[in-house]
Number of protein chains: 2
Amino acid sequence: MPSVIWMRPVRGRRGPEPSRDRDAIARAAIAVADREGLAAVSMRRIAAEIGTSASSLYRYVARKDDLLNLMVDAALGAGELQPSGDWRMDLQQIGHAMRAVFKAHPWLTTALAGRPTLGPNRLRALEAMLTLLAPSGLPLAEQLALIDVLTSYVRGFVASELASDAAIRQSGLSAAQWHADQAAYTAAIRASGVYPLTSALFDELQRTGAADQDAGFAAGLDIVLEGIAARWAVVRHGKPT
Amino acid sequence: MPSVIWMRPVRGRRGPEPSRDRDAIARAAIAVADREGLAAVSMRRIAAEIGTSASSLYRYVARKDDLLNLMVDAALGAGELQPSGDWRMDLQQIGHAMRAVFKAHPWLTTALAGRPTLGPNRLRALEAMLTLLAPSGLPLAEQLALIDVLTSYVRGFVASELASDAAIRQSGLSAAQWHADQAAYTAAIRASGVYPLTSALFDELQRTGAADQDAGFAAGLDIVLEGIAARWAVVRHGKPT
DNA sequence: TAGCAACTGGGTACAATGTTCGCAATAGGG
DNA sequence: CCCTATTGCGAACATTGTACCCAGTTGCTA
């Protein structure tokens, strides 16, 4: 039996028809993770959610890891791209769409860590981005590098955005208590006098609300796109690396 | 008692002197994670490693999460920067050093996911990078965005590099079996005919060995630095965003 | 058509995990 | 000097991922 879940047949050739399907399982697990965090996703819990038992769930996924793979690929499948012909605008749009997906499923960045999930949805997205970058004439491996730069940036940025929420949920403290502890910590950092720039940064971040985190994201995205454009131009104009 | 571990006193004012210290605990945990993966890091295991019991370990860390925070900050503390005066060269050097750290501790990218650890070592690194970017004259928040772009890229790239190793270890399969399964999967993807560019990418990646992954990383890093340089120039020459 | 093999559903069991509790020993502060 | 805060630790508990087994169901084949 193959270890990649998408290589395993969805049902055997004999015996009763399975009463659930992978999509329903993924949806249930995603709903739980969205509502209560990734830690709430246990085999027993998801099984109960779809009205069956843990051991029955193992008829659909070989290991819990496969359940997470299903969740990740299903969550990643939301985006659909309408190519406009302008690669930079398209990449920008993809970046914003990815950010929206990651923010809609706060557990996704964590679940993706160390998991090279390559399900049908992610394959579709990869193919679409390669199609977008094809006119660059760059070697495919380098196109992949460009895509990696973009997706890594988005994931990293959203991870920072969600970090406090995640930490709060994980710590089990009240949000107020957590923020108080955090404020005490930054106060101690400032008081140490060893980190003047970092302290100033804390001040600035506190002064400007989280409202312009959108602007920050867009600015970072522009940096990335600028780098990609530069690389693209190198090939187009024959300039050396 | 504060929830941030670095705000908690390292020992009480009475009673016997603790027989171990946080550094030794972090070192032991890092050694186990390096050798056997993050999954092998359990409270009982680390306690045994330093010759004590699980319940005693709880005198040093309030929760397992704190143990991971200690590990992350200790692992991140390896790098030391010698500023050369050329910010671009310095950032490049930092990027390469970070990649080395992440590759030396394959569990680090995973442990860092969803964990806004801000221990002394990370604070030092942040302050150093802000010092480096100070001449840009950019607002601190935007300097942070630049740093995020860089670190996100490095983390994302190394995560991709380590993904297969991590997946192999996690699956419990033999490396040969895993690669066979993976090859069968990519073959099925090619056979489907739906993903021509992705299939070509697989071919190209297989043809070029992993030897030039270094080159790929450097290329991506250049893209990032190019983007940062562009942003820097905007301010210096007063051009509009 | 009879029967066997493959398959699904699910109850039970097991080892391992994070974490809490209580108790004995030990140090400093009044 | 004694009281209280603190350390080390054994035992216990609920929860977790997962293996095993058995009963019922379907389809292939003789």
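As a basis for the values below, the full set of heavy atoms in this structure was taken, side chains included, without hydrogen atoms, waters or symmetry mates. Given the structure is predicted, the values throughout are model-derived calculations rather than measurements. Every chain is numbered from 1, with letters handed out A, B, ... down the list of sequences.
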Using nucleotides 2-6 of chain C, report all nitrogen or oxygen pairs with the protein that are shorter than 3.5 Å.
unit_1: C/dA5; atom_1: N3; unit_2: A/R14; atom_2: NH1; d: 3.3

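Nearest approach of A/Q182 to B/V4, heavy atoms of both residues: OE1-CG2, 3.8 Å. The minimum heavy-atom distance linking A/V154 with A/R99 is given by the pair CG1-N, 3.7 Å. Across all non-hydrogen atoms, the minimal contact from A/A54 to A/R44 is CB-CG, 3.8 Å.
Proximity of a side-chain donor or acceptor of B/N69 to a complementary backbone N or O of B/T117 within less than 3.5 Å is not detected.
Between A/M71 and the options A/V32, A/L76, A/L38, a side chain to side chain contact (heavy atoms under 4.5 Å, CB included) holds for only A/L38.
The A/S53 side chain lies nearest to C/dG11 when the options are C/dG11, D/dT18, C/dG18.
D/dA5 atom C1' lies 11 Å from atom CZ of B/R11, rounded to whole Å.
Ring pair A/H96/A/F217 is perpendicular by interplanar angle, where above 60° counts as perpendicular and below 30° as parallel.
Geometrically, A/R20 does not engage A/Y60 in a cation-pi contact, judged by NZ or CZ lying under 6.0 Å from the ring centre and within 45° of the ring axis.
Comparing B/K64 and B/E17 along DNA chain C, the residue whose closest nucleotide (by nearest heavy atom) sits nearer the 5' end is B/K64.
The stretch residues 37-50 of chain A touches DNA chain D through A/V41, A/S42, A/M43, A/R44, each having a heavy atom within less than 4.0 Å of the strand.
With hydrogens and angles ignored, a donor-acceptor pair under 3.5 angstrom links the side chain of A/S55 to the base of C/dG11.
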